[in-house]
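Just below is one structure, and these are the notes that go with it.
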Amino acid sequence: MAINPFKPRMTRSQYIPTSNFMPFNVSDGIAIPNAVISAEYALTNSDIFSIVHRVSADVSACDLRTDNTQLKTLYKRPNALINGYGFWETVMANLLLNGNAFVVITRGTTGNPIKLEHVPLSQIQMEMLDASTDILYTVNYQDERGSVKVISKDMLHFRIMPFNSQGALQYSGMSPLTSLATELNTQDLSNKLTVNTLKHAINPSVILKSLAPTLSDDSKEKIRKDFESFNGGDNAGRVAVMTQDLEMQQVQINADVAKFLSTVSISQTQIAKAFCIDVSYLDSQKGSQQSNIEQIRSLYADSLQTYMKPIESELEMKFNCDVNLDVNSAIDIDNQNFINNISKLSTGTSPVVPADIALQALQGKGVI
């Protein structure tokens, strides 16, 4: 008897000990998105924005090398609403921020892929079918299409570091932001304390002590308002005049707390390490201190492989062809690295590349 995977079943929530650091929660075998850190919040950090923008832009600028003409066309023109560069930059940004990125493949009447559509993480649910025969993706479109079930053959699921061994979770990735979760939360609390302090810039740390034995609430409020009126607004910074029946005290932030708050900001080095990017390539000042610019560029190219391979491997699997993203087309804009490599290979006592072949290669690149 065949089992219907869509038949309603009793819902049993499954607790995952480290769910706060998981991209998905699990309920009755269905993986439901769980944002580790809000992407919108993460991008308010200038260093995180810089790295996400730089990496997503560079990977999206890579030329696609493949013999599959359909894939070539879809890579450059995924759909009628967005160009190829913008489309893949969106996919890469989601991959970096969420550890997962989803693209639905729409097929024509003959079964050939005719359109690619990116779907945000929040609109996806994953379910492992019986006997692990397939992964079923439920796409909750925010339009008249409603909820649509998509089998894995028609879903490009790009992942970073899938590591879990539980059901559909073993096929989900993890965002580099996970390693910065504690630091980001601490920095957020520090920022809120700073903002609150600035909002009450009239000096909220002042205590007025009355020598009168008792004061009514109305009397306390009058003293407070009089003091704020005499020492705030246009009078801010002027000498305070106190009556004999009042004593003013100032409360200061503990020195240890102040020192802690001054050090909680996440450094560019920490963020670069989390995203596996050499910080010298992102910081022009640090980069200028390096003697070997080619080495820095090579390290960055190696780092980009971390994010290019998930794209290449998934496209190869779903389109059944060899795929290669040419990183040099993205980071070697002036062809200087290409020229240097050709020069090394075609000169010397035992050149690897004959001069005429080197000339053809340079002409093919449009260098000469």
Side-chain angles (χ1 to χ4, degrees), residues 20-21 23 34-62 82 85-101 118 120-122 158 160-161 173-199 201 253 257-290 293 296-308 310-311 327 330-331 333:
N20 288 335
F21 296 92
N34 172 44
V36 177
I37 297 173
S38 166
E40 289 77 9
Y41 168 68
L43 291 177
T44 61
N45 182 297
S46 60
D47 288 327
I48 293 178
F49 180 92
S50 175
I51 289 182
V52 171
H53 177 56
R54 186 61 184 265
V55 172
S56 60
D58 285 343
V59 174
S60 303
C62 293
I82 188 171
Y85 177 80
F87 178 85
W88 292 107
E89 188 174 23
T90 299
V91 171
M92 280 306 307
N94 276 269
L95 182 60
L96 291 165
L97 293 168
N98 301 314
N100 297 269
H118 171 258
L121 174 70
S122 59
F158 305 108
I160 297 176
M161 205 180 78
M174 174 170 284
S175 168
L177 289 178
T178 302
S179 63
L180 297 172
T182 301
E183 289 88 344
L184 282 171
N185 288 332
T186 303
Q187 187 179 49
D188 184 41
L189 292 174
S190 172
N191 291 341
K192 287 179 179 178
L193 176 59
T194 302
V195 170
N196 287 333
T197 301
L198 292 174
K199 284 182 178 179
I253 297 178
V257 175
K259 183 178 179 181
F260 170 75
L261 293 177
S262 67
T263 60
V264 296
S265 60
I266 307 174
S267 69
Q268 188 179 59
T269 301
Q270 286 176 282
I271 296 171
K273 182 171 68 173
F275 283 90
C276 302
I277 300 296
D278 192 304
V279 69
S280 61
Y281 194 82
L282 301 168
D283 190 324
S284 58
Q285 184 176 0
K286 292 181 180 179
S288 63
Q289 297 172 359
Q290 303 293 331
I293 301 300
I296 297 174
R297 182 180 296 180
S298 177
L299 287 172
Y300 179 63
D302 288 343
S303 299
L304 285 183
Q305 294 296 322
T306 304
Y307 306 108
M308 292 163 57
I311 303 294
V327 68
I331 66 175
I333 303 300

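Since the structure is predicted, the reported quantities are computational estimates derived from the model, not experimental observations. The basis for the numbers below is simple: all heavy atoms, side chains too, and nothing from hydrogens, waters or symmetry mates.
- Taking CG of Asp302 as the reference point, atom SG of Cys276 lies at 12.0 Å (rounded to 0.5 Å).
- Summarising the geometry, atom SG belonging to Cys62 is positioned 6.5 Å from atom CG belonging to Leu304; distances are rounded to the nearest 0.5 Å.
- Not counting sequence neighbours, the partners of Phe49 by the ring-ring contact (aromatic ring centres under 6.0 Å, His included) test are His53.
- For the pair Tyr307 (side chain) and Leu95 (backbone), a donor-acceptor distance under 3.5 Å is absent.
- Note: Asp47 CG to Ile271 CD1 = 4.5 Å, rounded to the nearest 0.5 Å.
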Evaluation steps, side-chain contact (heavy atoms from CB on, under 4.5 Å), between Leu43 and Leu97: CA-CA 9 Å; Leu43 291 177; Leu97 293 168; 4.1 Å; yes
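- Without hydrogens or angle criteria, Ser303 side chain to Leu299 main chain gives a donor-acceptor distance under 3.5 Å.
- Pro176 and Ala274 make their closest contact through CB-O, 3.4 Å (heavy atoms, listed as atom of the first residue, atom of the second, distance).
- The side chain to side chain contact (heavy atoms under 4.5 Å, CB included) test applied to Ser60 returns Tyr85, Trp88, Glu89, Met92, not counting sequence neighbours.
- Annotation: the span from Leu96 atom CG to Leu177 atom CG amounts to 8.5 Å, rounded to 0.5 Å.
- The OH atom of Tyr300 lies 5.0 Å from the CZ atom of Arg54; values are rounded to the nearest 0.5 Å.
- Nearest heavy atom pair, residue Val91 against residue Ala101, reads O-CB, 3.5 Å.
- A distance of 10.5 Å separates OG of Ser175 from CG of Asn94, quoted to the nearest 0.5 Å.
- You'll find the side chain of Thr306 stays beyond 4.5 Å of the side chain of Phe275, heavy atoms only.
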